[in-house]
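Inspection log for the structure reproduced underneath, given as structure tokens.
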2 protein chains.
Amino acid sequence: MKQKITIKTIAKELGVSTSTVSKALKDSHEISIETKKKIQAYANLYNYKPNHLALQLRNQKTKVIGVILPKIVHHFFSTVIMGIEEGANKKGYNIMVCFSNESYKKEVETLKVLSNGSVDGIIMSVASETLKNKDFNHFKELVSEEIPFVLFDRVVDEILCDKVVVDDVGAGFKATKHLLENGRKKIALITTPNHVNVGALRRQGYEKALIEEYIKTDKSLIVEIDETKDIKKQIEKVFEQDIDAVFAVNEIYAANSMRIAKEKGLSIPNDISIIGFTDGLISEYSSPSITTIAQHGFTMGQQAIEVLIERIEKESEVYKPKKIVISSDLKLRESTKPSS
Amino acid sequence: MKQKITIKTIAKELGVSTSTVSKALKDSHEISIETKKKIQAYANLYNYKPNHLALQLRNQKTKVIGVILPKIVHHFFSTVIMGIEEGANKKGYNIMVCFSNESYKKEVETLKVLSNGSVDGIIMSVASETLKNKDFNHFKELVSEEIPFVLFDRVVDEILCDKVVVDDVGAGFKATKHLLENGRKKIALITTPNHVNVGALRRQGYEKALIEEYIKTDKSLIVEIDETKDIKKQIEKVFEQDIDAVFAVNEIYAANSMRIAKEKGLSIPNDISIIGFTDGLISEYSSPSITTIAQHGFTMGQQAIEVLIERIEKESEVYKPKKIVISSDLKLRESTKPSS
DNA sequence: TAAATTCACGAAAACGGTTTCGTGTTAACA
DNA sequence: TGTTAACACGAAACCGTTTTCGTGAATTTA
């Protein structure tokens, strides 16, 4: 890289001190107009840009927010990023995005890198492996260092920090209720293993809705997908039973379910109804289009960055962690019949 | 944030100089074993972490790569990010991701922020508005400052920097050829406005394939989508003509085309064949699934970060910009008949 | 025993800025 | 004419770290 022009260069070249240059560039009243003009002209000519690193070191802040996501090729998470980025930019922050790839080890490493002063605060969603291990020491350490820190979507309750989540229980309830109102009785649930808490919560909502209708949960209707194996095959099993609806906790499971239903010659939504989660492109563009729970990722991102920046900029106050719950909506499409 | 422990604190507390502490922590032979033990124990106890900002300032490098994308809620771009991130991490770099949101102004601003020393190099894909304006001064400036810089996918030829692109002409040719081999004659092309160069190149491939079969390009079969308006409506127009195939330059256009075809009662791939671009989830999960050109975003990301880091780390060499062309594959699925 | 080495550590500069606190010169005032 | 205030600028400290170059004491060598 080309040698950058610094305040020192300007000072030497113009025969003044660095303080004078610094003040002149800030248009300080301490400096005479001629000197300012001369310095500013020179700076402009050589395209002087203040070195951010030096400023960061002096100000003890970076104006950068670290974001750690389990994955990115994923509609929900990329929407959240958008929300975070928009909010961050508005307040003059940039974001540094990293991925854990659902791995505990990578999550720990990434967190270590980010927490050494590279960022002013961190927003993250927990890797599934971490949720499974239940090893949260890296989070505890972060909290004890008092680094501003917010968790979203996949959060861990025992960590005292700000959190932004969707009302997963409510969403699961809404989805199931809608199917019941369609007259469905044998509703399959395609979900994640129970350690992924959002999956567990959506399941609670599912069960709650069934109980309200005096239907006993039938464990054989519940499939916990192991993502390391063939997803479609796992879902196919539940189709061997006599089911009339599917509630899938994400788009991929919903899309797979629909494909299986079609292959079995079932008509959607006449013979079987399908509801997904995450209002992504698959749900929108498949045919029939899929009724889903819209998670409002963008809003989540916005909320997360908002509380984080507040935490960063008003670090005086007593620390009382906030939990923000974003409500989710049922987005009706063609894969379910409208409730009667 | 809690007051961080620094080398100075340790030095003062232990009654030695900062140089001694620094050396002790690096296990230098200059320091006696007892002193080293004492210092290391203390550092460990108080969980000392070297301040990255100070290191960056001293070393004049950040080990951070800036990435600017036009958008993120997009299968191709998020795949590229994955590739970049993986490659960067391997070499000890982190990535700072920003978005231009297809806006010229935001692109310029973001570039300015990143080029003040916050990053060691930049990878980006150009915003569509910039391509339309044809105002590339911000890139020229970057190049003149000799900041390592690579463009991918949406590149601009006149800028002298490393580039990673897919063989768009070849891809367009392949797709069209495949349709022709299926016996299709009236192939609609759903593309972007011509200023988006990837669109223009794919169109060249399309035209080339037609010429080889002595078919004259029929302008009425080509739709240049204006994304600020309703996409579906624009595509519907071309369906008023008697067409037997659609080549869409991205997933969304392909999905929309399929939906329209279905609504018109056309059977896919019997009455009409459809080919998309970008091998994303929509193509995979729609039914029928969509034959597409796979762009290998992950590979592109890997290649981009590889040449960038090479540029950063061997800045001695003479600057001879590289252009890496990634070949793309036709991924056959249900929306076209296999070639006979 | 004098000279040369080795050892263990510290002082200071450097990275690129900002900011506080002088200070010498000139102009205004009494 | 002496005092004061305003003006325009510079010296130096600071942010946290690394690294070069000393340096005094202890040890080895001649």
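A note on names: the letters A, B, ... follow the listed sequences, proteins ahead of strands, and every chain is numbered from 1.
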### Query
Can you check whether A/Phe99's main-chain N or O pairs, donor with acceptor, with A/Lys106's side chain at less than 3.5 Å?
yes
### Task
Would you kindly give the NE2-to-C1' distance between B/His29 and C/dC7, to the nearest whole Å?
10 Å
### Message
Distance under 4.0 Å to a non-hydrogen atom of chain A counts as contact; along DNA chain D, which nucleotides mark the start and end?
### Response
D/dA8 to D/dG16
### Task
Any salt bridge (Lys or Arg N to Asp or Glu O under 4.0 Å) involving residues 32-41 of chain B? Give me the pairs, sequence neighbours left out, ordered by first then second residue.
B/Asp27-B/Lys36
### Query
Is there a residue in residues 6-18 of chain B whose heavy atoms reach under 4.0 Å of DNA chain D, and which residues are they?
B/Thr6, B/Ile7, B/Lys8
#### Entry: A/Ile33 atom CD1, over 12 foreign heavy atoms within 6.0 Å
no
### Task
Under the salt bridge (charged side-chain N to carboxylate O under 4.0 Å, His left out) rule, collect the residues that match up with A/Lys49, sequence neighbours excluded.
B/Glu145
### Query
Counting any heavy atom closer than 4.0 Å, what does B/Lys23 reach on the DNA or RNA strands: base, sugar-phosphate only, or nothing?
base
### Query
Which residue pairs pass the ring pair (Phe, Tyr, Trp, His ring centres under 6.0 Å) test when at least one of the two sits in residues 44-69 of chain B, sequence neighbours left out?
B/Tyr42-B/Tyr46
### Pairwise salt bridge (Lys or Arg N to Asp or Glu O under 4.0 Å) hits with a residue in residues 111-137 of chain A, at least two apart
none
### Query
Atom NZ of A/Lys4 to atom C1' of C/dG16: distance rounded to whole Å?
12 Å
### Query
Just by modelled atom types, is the B/Ser128 backbone N or O under 3.5 Å from a matching donor or acceptor in the B/Glu102 side chain?
yes
### Task
Scan residues 46-63 of chain A against DNA chain C and write down, sorted by residue number, each residue with any heavy atom closer than 4.0 Å; if none is found, say none.
A/Tyr48, A/Lys49, A/Pro50, A/Asn51, A/Ala54, A/Leu55, A/Arg58
### Query
In Å, rounded to the nearest 0.5 Å, how long is the span from NZ of A/Lys4 to OG1 of A/Thr6?
11.5 Å
### Task
Compute whether any side-chain donor of one residue and acceptor of the other, for A/Asn137 and A/Glu141, lie under 3.5 angstrom apart.
no
### Task
Note down the inter-axis angle between the two ends of the helix from C/dT1-D/dA30 to C/dA30-D/dT1, five pairs each, to the nearest 10°.
70°
### Query
Cut-off 3.5 Å, side chains only: do A/Gln56 and A/Thr62 have a donor facing an acceptor?
no
### Task
Decide if atom NZ of B/Lys91 counts as having more than 12 heavy atoms of other residues, nucleotides or ligands within a radius under 6.0 Å.
no
### Query
Of the non-hydrogen atoms in A/Val113 and A/Asn116, which two are nearest, and what is the gap between them?
O-OD1, 2.8 Å
### Message
Test of understanding: with salt bridge (charged side-chain N to carboxylate O under 4.0 Å, His left out), list the residues that count as partners of B/Lys323, not counting sequence neighbours.
### Response
B/Asp157
### Contact list for DNA chain C against residues 114-121 of chain A - heavy-atom distance below 4.0 Å
none
### Task
Look at atom NZ of A/Lys63 and say whether more than 12 heavy atoms of other residues, nucleotides or ligands are closer to it than 6.0 Å.
yes
### Task
State whether the side chain of B/Lys163 and the backbone N or O of B/Ile159 hold a donor-acceptor pair below 3.5 Å, judged by distance alone.
yes
### Message
In the structure I gave you, are the side-chain heavy atoms of B/Leu55 and B/Pro50 within less than 4.5 Å of one another anywhere?
### Response
yes
### Query
Has B/Ser32 got a side-chain N or O lying under 4.0 Å from the OP1 or OP2 atom of C/dC9?
yes
### Query
In chain order, what residues pass the side-chain hydrogen bond (donor to acceptor under 3.5 Å, both in side chains) check against B/Ser22, with sequence neighbours excluded?
none
### Task
Let me know, please, whether A/Ser22 or B/Thr35 comes out on the 5' side of the other along DNA chain C by nearest nucleotide.
B/Thr35
Got a list of protein N/O to nucleotides 22-24 of chain C N/O distances below 3.5 Å?
none

### Pair B/Ser32, B/Thr35: side-chain N/O donor-acceptor within cut-off below 3.5 Å
yes
